[in-house]
Amino acid sequence: MGVVPNSSGTTPAAASNPQPAAPSFSPNILVTTPNGETLDLLDLFNRLDADKNGRLTLDELQKGCKILGFSLSKRELEKLIKTADLNSDNEVDFPEFLKYVGEHQSRLKLVFQRLDSNQDGKVDVGEVQTGLADLGINVSKSEAESLLEKVRASAGDGEASIDWQQWRDYHLLHATSDMEDIIRYWRHGSNLDVGDDLRVPDELPEKEKVGVMLFKTLIAGGVAGAVSRTSTAPIDRLKVLLQVHASSKNHLGVKSGFKQLLSEGGIKGMWRGNGMNVLKIAPESALKFLTYEKMKQLIRGDNKEVTPEQRFVAGSVAGLTAQTVIYPLELLKTKLILRKTNEYSSIADCAVKVYREGGLRVFYRGYIPNAIGIIPYAGIDLMVYETLKSKWLFRQQPNSPSPSSSSSSSSCRPGVGVLLACGAISSSCGQLASYPFALLRTKMQNQTAAGRRQPSMRQLAVHIVRTEGPQGLYRGIVPNFLKVIPSVSISYVVYENTKRALSL
């Protein structure tokens, strides 16, 4: 059993526990707690150590922090113990506590200096806005003032800025490793919602998560999908035409395909099926992005970083989930795109005629190749996109040699050009892996529309390879690249900017 700290300042120690090196700072520093008490580290430890056995447990930290006014969740306090506990006994003795404070101070000091751009020893509203902008987070002046007020209120100060000691005291018991973690904790409990890499904290009520964060994410994904597909609808229709009707015998290509579509339906006909396309892609994109972000949280757990492999799994699950839900709309979209003039009077008329062909089952014809193809496409697409964006952001962080990184409020935000490049590269990689499955899916959907007996996916693939060679599985890939690259790129750009507009 450890020895309780005494009034002379003797540090407690458990005889069986290995002792950390002596701290490289004075243990007599004074800390002002959120409830206004001023304590040195020994007094602070004693106040937290309820049973006076010289060791802090999770239960003691939860109760002690509540009494002293520190707003820390159970998960955050578990992280503190994990960080400070050197001998893995799930408790923190005083030497371990001192070592934790010393190392934590150093990390906090670096972040404070990063925010304090004019190096005057204080952080004001403008510096908060600039510092957060470097992380890709736009905040208004009132939001920045709200963040500073939280620290000032904790310190009982009425100044318009915060100093180093106030900053350190506010974050002292929040074990963290980088600026993003610190900012996440800083905005805890406020109305400020930040970007993609900084989530709503776990302490928010579940109702608020669903009612605010998830709803806004759904809107952002839906808007992104609708805008991108409407912009590229004519190319999408050409792609479907070539997938179904192009062969080595008719030599139907991009130019002749466009002429055929124009002659059959005119300029307006180039957007045939776009209503269903928008109706389909809005919930599809929303579900995909929402599921992807929730899967990342689930897979990541307590780890700060999401690995490329984890992004692949999250992207695949997100894509498959979205496609499963909206697949009947996908089938209707294909039928409306390929229809002749006056074949269907409306979307409802199309759905009724499809149902009469074979009941509910027909709405899922072609689903198997679709499900197989969406895994490599969605997984590779989102994995490559986020990996490229993360690499770019990493190069712009404070330790980057770029001289403008600390002076420009927008220099560390991915611009439109960066997002377009990331989206184009990621979509190309995904399409190369999944295109044959998309072609098989479209052909199977069209055969159902014509009322012919539906061959299996394997039979159809073997027939295509035998009659046209392996290249037959890539019919229509040229207009597909012409469509998918701008479509996905626009989708991601609109998504990122819609999130900013919604304060996500």
Side-chain angles (χ1 to χ4, degrees), residues 218-245 257-258 260-290 319 321-358 360 362-367 370 374 427 438-439 441-450 476 479-480 482-495 498:
L218 282 170
I219 292 176
V223 170
V227 171
S228 66
R229 291 305 178 94
T230 299
S231 301
T232 59
I235 307 177
D236 185 50
R237 190 163 185 237
L238 174 64
K239 178 205 71 173
V240 174
L241 176 71
L242 296 181
Q243 283 180 328
V244 173
H245 296 300
F258 263 123
Q260 180 175 321
L261 292 175
L262 285 171
S263 63
E264 201 282 323
I267 295 294
K268 184 178 179 181
M270 298 300 291
W271 271 266
R272 187 171 290 170
N274 185 58
M276 176 54 68
N277 203 19
V278 171
L279 182 63
K280 174 189 78 71
I281 199 60
E284 179 186 14
S285 294
L287 285 170
K288 182 177 70 172
F289 282 112
L290 175 63
T321 300
Q323 279 289 298
T324 300
V325 173
I326 60 87
Y327 190 77
L329 301 182
E330 175 70 33
L331 183 136
L332 291 177
K333 185 206 80 170
T334 299
K335 293 180 178 297
L336 290 168
I337 284 178
L338 293 172
R339 80 182 190 271
K340 301 296 182 181
T341 302
N342 299 323
E343 183 177 354
Y344 301 118
S345 61
S346 65
I347 293 176
D349 180 53
C350 178
V352 170
K353 290 180 178 179
V354 168
Y355 179 79
R356 288 173 179 171
E357 290 177 7
L360 293 175
V362 78
F363 284 95
Y364 278 88
R365 291 288 173 85
Y367 175 77
N370 180 77
I374 199 63
S427 63
L439 182 137
R441 176 204 65 199
T442 304
K443 280 184 171 292
M444 293 172 73
Q445 290 173 336
N446 183 63
Q447 288 172 342
T448 301
N480 187 68
L482 293 176
K483 185 231 16 146
V484 173
I485 291 177
S487 175
V488 177
S489 300
I490 292 170
S491 176
Y492 282 124
V493 171
V494 174
Y495 178 69
T498 304

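In what follows, every heavy atom counts, from backbone to side chain, and hydrogens, waters and symmetry copies are set aside.
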Got [X] and [Y] here, is their nearest side-chain heavy-atom distance under 4.5 Å?
{"X": "Met444", "Y": "Tyr367", "value": "no"}
{"X": "Gln445", "Y": "Glu330", "value": "yes"}
{"X": "Trp271", "Y": "Asn277", "value": "no"}

Would you name the heavy atoms of [X] and [Y] that are closest together and state the gap between them?
{"X": "Gly476", "Y": "Leu242", "answer": "CA-CB, 3.9 Å"}
{"X": "Leu329", "Y": "Leu279", "answer": "CD1-O, 4.1 Å"}
{"X": "Lys335", "Y": "Tyr344", "answer": "O-CE1, 3.9 Å"}
{"X": "Asn480", "Y": "Lys239", "answer": "OD1-CD, 2.8 Å"}
{"X": "Ala224", "Y": "Val494", "answer": "CA-CG1, 3.7 Å"}
{"X": "Val278", "Y": "Ala226", "answer": "CG1-CB, 3.9 Å"}

query: Between the main-chain N or O of Gln260 and the side-chain N or O of Ser263, is there a donor-acceptor pair closer than 3.5 Å?
result: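 Yes, Ser263 side chain to Gln260 backbone: donor-acceptor pair under 3.5 Å.
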- request: Give a yes or no on whether the backbone of Ile337 and the side-chain of Arg237 come within a donor-acceptor separation of less than 3.5 Å.
  value: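 Yes; judged by distance alone, with no hydrogens or angles, the pair exists.
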- prompt: Can a salt bridge be assigned to the pair Arg339 and Asp349 using a cut-off of 4.0 Å between side-chain N and carboxylate O?
  reply: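 Not counted as a salt bridge, because no side-chain N and carboxylate O are separated by less than 4.0 Å.
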message: Suppose we screen for side-chain hydrogen bond (donor to acceptor under 3.5 Å, both in side chains). Which residues come up paired with Arg272, at least two apart in sequence or across chains?
response: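 Testing Arg272 for side-chain hydrogen bond (donor to acceptor under 3.5 Å, both in side chains), a comparison that skips the adjacent residues, returns Glu264, Thr341.
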- prompt: Could you state the interatomic distance from CG (Leu238) to OG1 (Thr232), rounded to the nearest 0.5 Å?
  reply: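 If I round to the nearest 0.5 Å, the distance is 12.0 Å.
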Spacing of OG belonging to Ser231 relative to CG belonging to Asp236, to within rounding of 0.5 Å: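 If we round to the nearest 0.5 Å, Ser231:OG and Asp236:CG are 12.0 Å apart.
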- prompt: Is it the case that Asn370 and Gln323 place a side-chain donor and acceptor less than 3.5 Å from each other?
  reply: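 Gln323 and Asn370 do have a side-chain donor-acceptor pair below 3.5 Å.
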